[in-house]
Peer 1: 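One structure coming up, written as structure tokens, with questions to follow.
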2 protein chains.
Amino acid sequence: MDAPRWLDGREDRAWRGYRRMRRLLDLELARDLARDAGLSEPDYDVLSDLSETPDGRLRLSELADRMLWSRSRLSHHLARMRQRGLVDREECATDGRGTVVVLTAQGRRAIEAAAPGHVAAVRRHLIDLLEPDELAALERFTHRVVDRLAAGRAPRDDTDAPTDG
Amino acid sequence: MDAPRWLDGREDRAWRGYRRMRRLLDLELARDLARDAGLSEPDYDVLSDLSETPDGRLRLSELADRMLWSRSRLSHHLARMRQRGLVDREECATDGRGTVVVLTAQGRRAIEAAAPGHVAAVRRHLIDLLEPDELAALERFTHRVVDRLAAGRAPRDDTDAPTDG
DNA sequence: CTACGGTCGATGACATGTCAACCACACTGT
DNA sequence: ACAGTGTGGTTGACATGTCATCGACCGTAG
């Protein structure tokens with residue numbers, strides 16, 4: 001650990017800005033979502049991913065992978081959402097161990113009611129504040145960073161932690 | 001709520017990329033930090049903010065404001081960090097209600113041991129992957145977004161939720 | 001001084017996320 | 001068929017974060 005390369009002025013401001021934006025955006029979006037739709041951000045994400053499939057159904061592990069959640073976390077969260085009637089479970093026809101997560105009619109109504117306001121908030125607080133070149137840069141570098149990070153992850157691991165050293 | 005303006009292709013890719021990057025970066029940085037330094041990200045942030053002051057001391061509410069945490073959350077977290085010997089509490093000389101959070105010698109050693117590796121990880125997984133124009137864009141737009149969001153927040157509110165409608 | 005409304009921080013109850021087993025089933029080789 | 005090994009999902013214990021409330025103290029007005 002010799003002579004660490006600290007962040008210079010611009011790098012430090014970018015990094016701090018990123019973290020601060022992240023936090024404020026989270027607080028704001030979560031607040032709006034809870035107030036207007038009675039959903040948390042995780043709730044919204046689950047419903048959103050489900051609603052993007054043709055039949056509102058996904059294997060639990062498939063959903064967990066898409067969301068980058070551990071199966072454990074998703075299982076717990078689904079149990080809570082299920083009690084609220086937003087989703088349901090079905091046995092998987094092709095794999096006796098499997099669970100299929102199903103979007104209920106109520107869940108679909110919830111995401112459809114929440115989506116316009118949520119997208120509007122995302123625009124108002126972030127997207128519409130970006131210049132075209134900034135939006136393009138955001139798209140480019142986030143995907144670059146994601147590709148690198150995803151490459152470093154173990155192919156399958158329930159713990160959300162890659163097993164490399 | 002008439003005819004919501006959905007995100008177009010580029011906007012949608014940027015927004016999804018942002019959220020995915022955010023999640024993967026969090027997992028990776030938290031993992032590295034835990035493995036190499038035995039600290040969580042919140043631990044690191046607390047220690048980092050404290051170590052940036054001249055004497056390693058901050059009023060609890062001042063620290064909470066800088067971190068955008070509720071006083072309650074910080075109070076709970078400090079109780080845990082205190083049990084591990086990373087920080088301590090002192091009474092505030094100028095305000096009988098107040099608490100001063102103090103970085104202990106052990107806490108200073110912990111942050112100084114953790115920082116080089118953490119900064120290296122931030123570089124490796126994010127900063128060093130950005131082109132100069134992307135870094136500049138990140139700095140610019142995050143600060144713009146933060147300014148807007150900060151302006152919308154009530155000046156003082158323990159709940160982390162602005163009181164506007 | 002005393003009353004009053006506000007702020008500081010701690011606390012307990014509860015919601016959420018993590019981690020380490022665990023069971024049931026799938027797959028492979030023999 | 002049937003071990004042995006691996007995967008899918010659940011569970012319980014625990015760590016962390018949120019929310020409402022409280023006691024102590026501050027500031028100001030009478």
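These values consider heavy atoms only, across backbone and side chains, with no hydrogens, waters or symmetry-generated copies. Order of the sequence lines sets the chain letters (A, B, ...), proteins ahead of strands, with each chain counted from 1.
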Peer 1: May I ask you to say what T99(B) touches in the nucleic acid, namely base, sugar-phosphate or nothing, with a heavy-atom cut-off under 4.0 Å?
Peer 2: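 It contacts sugar-phosphate atoms only.
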
Peer 1: Starting from C1' on dT10(D), measure out to CD on E91(A) and report it in whole angstrom.
Peer 2: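 From E91(A) CD to dT10(D) C1': 14 Å.
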
Peer 1: What is the separation between atom CZ on R82(A) and atom P on dT16(C), rounded to the nearest whole Å?
Peer 2: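 Atom-to-atom, R82(A) to dT16(C), this comes out as 17 Å.
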
Peer 1: Select one nucleotide: of dA20(C), dG8(D), dG17(C), the one nearest the side-chain heavy atoms of S72(A).
Peer 2: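 When the side chain of S72(A) is considered, dA20(C) is the closest of dA20(C), dG8(D), dG17(C).
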
Peer 1: Across the strands shown, which category fits H77(A) at heavy-atom distances under 4.0 angstrom: base, sugar-phosphate, nothing?
Peer 2: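 The residue H77(A) makes sugar-phosphate contact but no base contact.
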
Peer 1: Check if the side chain of H76(A) and the base of dT16(C) share a donor-acceptor pair of N or O atoms closer than 3.5 Å.
Peer 2: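 By the distance-only test, no, there is no pair.
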
Peer 1: Salt bridge or not for E112(B) and R109(B), using N-O below 4.0 Å?
Peer 2: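 Answer for the salt bridge query: no.
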
Peer 1: Are D43(B) and R84(B) close enough for a salt bridge, meaning some N to O gap below 4.0 Å?
Peer 2: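 Yes, this pair counts.
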
Peer 1: Measure CG/L63(B) against P/dG9(C) and give the value in whole Å, please.
Peer 2: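 Between P of dG9(C) and CG of L63(B): 10 Å.
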
Peer 1: Less than 4.0 angstrom from a charged side-chain N to a carboxylate O is my criterion; do D32(B) and R124(B) meet it?
Peer 2: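 Salt bridge: yes.
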
Peer 1: Using a cut-off of less than 4.0 Å, is there contact between a side-chain N or O of R73(A) and OP1 or OP2 of dT16(C)?
Peer 2: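 Checking dT16(C) against R73(A), no side-chain N or O comes under 4.0 Å of OP1 or OP2.
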
Peer 1: Starting at CZ of R84(A) and ending at P of dA15(C), how long is that distance when rounded to a whole Å?
Peer 2: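 Computing the R84(A):CZ to dA15(C):P distance gives 11 Å.
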
Peer 1: Please state how far atom CE in M81(A) lies from atom C1' in dG17(C), giving the value in whole angstrom units.
Peer 2: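 Atom-to-atom, M81(A) to dG17(C), this comes out as 16 Å.
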
Peer 1: Is it true that R20(A) and D147(B) make a salt bridge, defined as a side-chain N closer than 4.0 Å to a carboxylate O?
Peer 2: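 No salt bridge links R20(A) with D147(B).
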
Peer 1: Just N and O in the side chain of S61(A): are any of them under 4.0 Å from OP1 or OP2 of dT7(D)?
Peer 2: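 For S61(A), the contact criterion (side-chain N or O under 4.0 Å from OP1 or OP2 of dT7(D)) is not met.
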
Peer 1: Quick check: on DNA chain D, is the nucleotide nearest L74(A) upstream (toward 5') of the one nearest P42(B), or the reverse? Name the residue that is more 5'.
Peer 2: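 Going by which nucleotide is closer to the 5' end, it is L74(A).
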
Peer 1: In terms of side-chain heavy atoms of R97(A), which of dG8(D), dT11(C), dT10(D) is nearest?
Peer 2: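 Of all the options, the side chain of R97(A) is nearest to dG8(D).
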
Peer 1: When you measure from the side chain of T142(A) to the backbone N and O of L138(A), does any donor-acceptor pair fall under 3.5 Å?
Peer 2: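 The answer is yes, because a donor-acceptor pair under 3.5 Å joins these two groups.
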
Peer 1: Rounded to the nearest Å, what distance is computed from the CD atom of residue Q83(B) to the P atom of nucleotide dT16(D)?
Peer 2: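 Distance, rounded to whole Å: 11 Å.
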
Peer 1: Where each residue is assigned the nucleotide of DNA chain D containing its nearest heavy atom, which of D95(B) and E62(A) is assigned the position nearer the 5′ end?
Peer 2: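 Nearer the 5' end of the strand: E62(A).
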
Peer 1: Nearest of dT11(C), dC8(C), dT10(D) to any side-chain atom of L60(A)?
Peer 2: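 From the listed options, dT10(D) comes nearest.
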
Peer 1: Between S40(A) and T94(A), just flag the one whose closest nucleotide in DNA chain C comes earlier from the 5' side.
Peer 2: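 Result: S40(A).
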
Peer 1: Find the distance E41(A):CD to dG17(D):P and express it as a whole number of Å.
Peer 2: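 Atom-to-atom, E41(A) to dG17(D), this comes out as 16 Å.
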
Peer 1: Can you check whether R59(A) has a side-chain N or O nearer than 4.0 Å to OP1 or OP2 of dG9(D)?
Peer 2: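 Answer is yes, contact under 4.0 Å.
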
Peer 1: Using a strict threshold of under 4.0 Å (side-chain N to carboxylate O), is an ion pair present between R123(B) and E11(A)?
Peer 2: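 A salt bridge is present here (some side-chain N lies under 4.0 Å from a carboxylate O).
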
Peer 1: Any side-chain N or O of R80(A) less than 4.0 Å from the OP1 or OP2 oxygen of dA15(C)?
Peer 2: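 No, no such contact exists.
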
Peer 1: What is the distance from CE of M67(A) to P of dT18(C), rounded to the nearest Å?
Peer 2: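 Roughly 12 Å, once rounded to whole Å.
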
Peer 1: Give a yes/no answer on whether the side chain of R71(A) brings an N or O atom under 4.0 Å of OP1 or OP2 in dT7(D).
Peer 2: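 Looking at the OP1 and OP2 atoms of dT7(D), neither is under 4.0 Å from any side-chain N or O of R71(A).
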
